[in-house]
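Below: one structure, written as structure tokens.
Positions are given from 1 along the sequence. Only this structure's heavy atoms are used, side chains among them; waters, hydrogens and symmetry mates stay out.
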Amino acid sequence: MSFRDVEDYILEIPKFTKKNQMETTRAFYEFLGRPGETSRIVHVAGTNGKGSVCAFLESILMNAGHSCGFFSSPHLVSMRERMRIGRADISEKDFQGIFLTVMKKCEEFSGYHGEQYHPTFFEILFFMAMLWFEKKRPEYIILETGLGGRLDTTNVTDQKALCVITGIALEHTEYLGDTLWDIAGEKAGIIRGGVPLVYLDDGGDAGRRIAREAERLGTPVTVFQKKQVEKLKKHEKFIDFSILFEYYGYSDITVSSGAFYQSVNAGLALRAGERLLGDEMTPEIARKAIRETLWPCRMEEVLEDVFVDGAHNPDGVKAFAESVKAMAGEKVLLFSVVSDKNYEEMIDILTKENLFETIIITCIGGSRKADADELKRLFEAGSNAEILVVEDAKEAFCKAMGDREGRLLFVAGSLYLAGLVKGLCEEEFK
């Protein structure tokens, strides 16, 4: 099988495999020999900011001289992005080889247990990553959860060095519960007794639930709050702030992004870095690590005056809108969303401030795509902008590029759309 054949096969998995019971997933991980647990595992859960916190923390560890593997999701352009060491994605050759190893082990496991076993889409990528990490032996592995925490595939790991929980918001309520208290309980499922925890406390039910679970398990806790990001100053394309370090006092930090929310993600990552490294994480390491971190599709300027943000739920869109509001100039929005997101609230947030002169709606997400006419109706109900529908996403982006006329272009609403636009910019709009 070529690399493309492997990618195509993995993409087809959701069509013929349903989610396995956690006990089965754990049993297969045991069958593989619990790969990756020779490294120090940092497990990160939350609703918004997981990927950014992981990326900041990866940079902190690397700048402190440690090798670091990183398993993330979703990918934007290539599946290989989901597993990397030292910021380098797994090679196509290694990706193919590890895939074939996992499939062979599936056959052996099925024969041993007397019934057919096949990993889900997310499971197979996780197992591939952990086998690759086991082969390469980085000092640290950062694992970003996929959905939830307690029943997430990544939670089969028990030998953890640190757990981190980012901000909590209502998401996937059909799976995680319909209150912040319930959802935080699912996220807190990654906590292990005696393993240090760093979490973002919002002062509400989510923070209280996490604190309760940590106390129940006897977990040492470091609490981070937004107010610990001090002297926040927004520039056109970067943010300065100050934070108090445990060992070194106050230090000034720069985030290379115009997104306000990245200062909080950076602050949380710095607290996690302190918990892992102690006084080894100097202010010099912290400043360099945060400044050089660029996490794709988080208010990323992919071309001059073209900004892509992966905001795909109300809390993410609220943070996105706050950053857009602070940027001067006329603005165009390219928007898409999948049908199982709370798009009514997302659109309400985007239309309240009348931030955009033109809004172009497109369709993405296959069978999950939202109805474009319904999205248009919702935008028209709350916005004075010109509202257009261009169903083909590539055509919509080309139109948005043509309609800019010196205005700022923003892309938001869907990570699928963000990844497609980022790929188009790299391939066709250089």
Side-chain angles (χ1 to χ4, degrees), residues 1-14 48-56 58-59 69-99 121-122 124-126 128-129 132 142-144 146 256-257 259 262 292-312 316 320 334-338 362-369 392-401 409-430:
M1 298 176 74
S2 68
F3 171 73
R4 297 299 172 200
D5 290 336
V6 171
E7 268 200 323
D8 289 344
Y9 180 90
I10 294 173
L11 287 169
E12 291 291 315
I13 288 175
N48 292 310
K50 295 194 303 289
S52 296
V53 170
C54 289
F56 284 126
E58 173 192 45
S59 187
F70 181 7
F71 174 72
S72 65
S73 65
H75 64 274
L76 297 172
V77 179
S78 169
M79 247 180 233
R80 295 188 298 112
E81 298 166 27
R82 291 173 178 253
M83 51 199 85
R84 69 192 204 185
I85 296 175
R87 297 198 189 98
D89 297 345
I90 185 173
S91 69
E92 291 188 2
K93 181 179 178 181
D94 280 354
F95 192 94
Q96 289 171 259
I98 295 293
F99 167 79
F121 175 89
F122 187 80
I124 200 165
L125 290 166
F126 169 73
M128 288 168 61
W132 185 56
I142 299 172
L143 295 180
E144 179 188 357
S256 299
S257 168
Q262 289 296 41
E292 72 183 24
T293 302
L294 295 170
W295 190 230
C297 295
R298 275 67 179 180
M299 282 299 283
E300 180 186 7
E301 189 174 18
V302 291
L303 295 172
E304 185 176 2
D305 292 336
V306 178
F307 299 88
V308 176
D309 194 287
H312 57 282
F320 162 74
L334 176 60
F335 182 86
S336 186
V337 67
V338 291
T362 191
C363 298
I364 202 162
S367 61
R368 296 171 63 207
K369 68 183 180 182
D392 180 80
K394 181 176 178 180
E395 184 182 338
F397 179 61
C398 291
K399 177 165 183 56
M401 290 289 287
L409 171 60
F410 296 89
V411 179
S414 163
L415 277 168
Y416 297 112
L417 180 62
L420 182 142
V421 167
K422 185 172 173 63
L424 288 173
C425 289
E426 291 174 354
E427 294 168 11
E428 300 184 28
F429 289 89
K430 291 181 180 178

Is [X] reaching over with its side chain to a backbone N or O of [Y], donor-acceptor style, under 3.5 angstrom?
X: S91; Y: D94; answer: yes
X: E12; Y: D8; answer: no
X: Q96; Y: M1; answer: yes

Hey, does [Y] have a side-chain heavy atom less than 4.5 Å from the side chain of [X]?
X: L76; Y: E81; answer: yes
X: L409; Y: F397; answer: yes
X: W295; Y: S256; answer: no
X: F71; Y: I142; answer: no

From CA spacing to verdict: side chain to side chain contact (heavy atoms under 4.5 Å, CB included), T362, D392: CA-CA 6 Å; T362 191; D392 180 80; 5.7 Å; no
Exercise: identify the closest heavy-atom pair between [X] and [Y]:
X: A259; Y: S257; value: N-OG, 3.1 Å
X: L303; Y: M401; value: CD1-CE, 3.7 Å
X: C363; Y: A393; value: O-CB, 4.0 Å
X: E144; Y: C54; value: CB-SG, 4.0 Å
X: L125; Y: R82; value: CD1-CD, 3.5 Å
X: L420; Y: I364; value: CD1-CD1, 4.0 Å

S59 versus R87, side-chain donor and acceptor atoms under 3.5 Å: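 There is such a pair between these side chains.
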Partner of M79 by side chain to side chain contact (heavy atoms under 4.5 Å, CB included), out of V6, L11, I90: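 Of all the options given, the one that passes is L11.
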Mutual orientation of the aromatic rings belonging to F307 and F410 [parallel < 30°, tilted 30-60°, perpendicular > 60°]: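 Correct class here is parallel.
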F122, CZ atom: more than 12 neighbouring heavy atoms under 6.0 Å: yes
Derivation and outcome, side chain to side chain contact (heavy atoms under 4.5 Å, CB included), residues M299 and Q262: CA-CA 9 Å; M299 282 299 283; Q262 289 296 41; over 6 Å; no
Sidechain N-carboxylate O distance under 4.0 Å for R80, E7: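 Salt bridge flag = no for E7 with R80.
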Near-ring test F99/Y9, centroid separation under 6.0 angstrom: yes
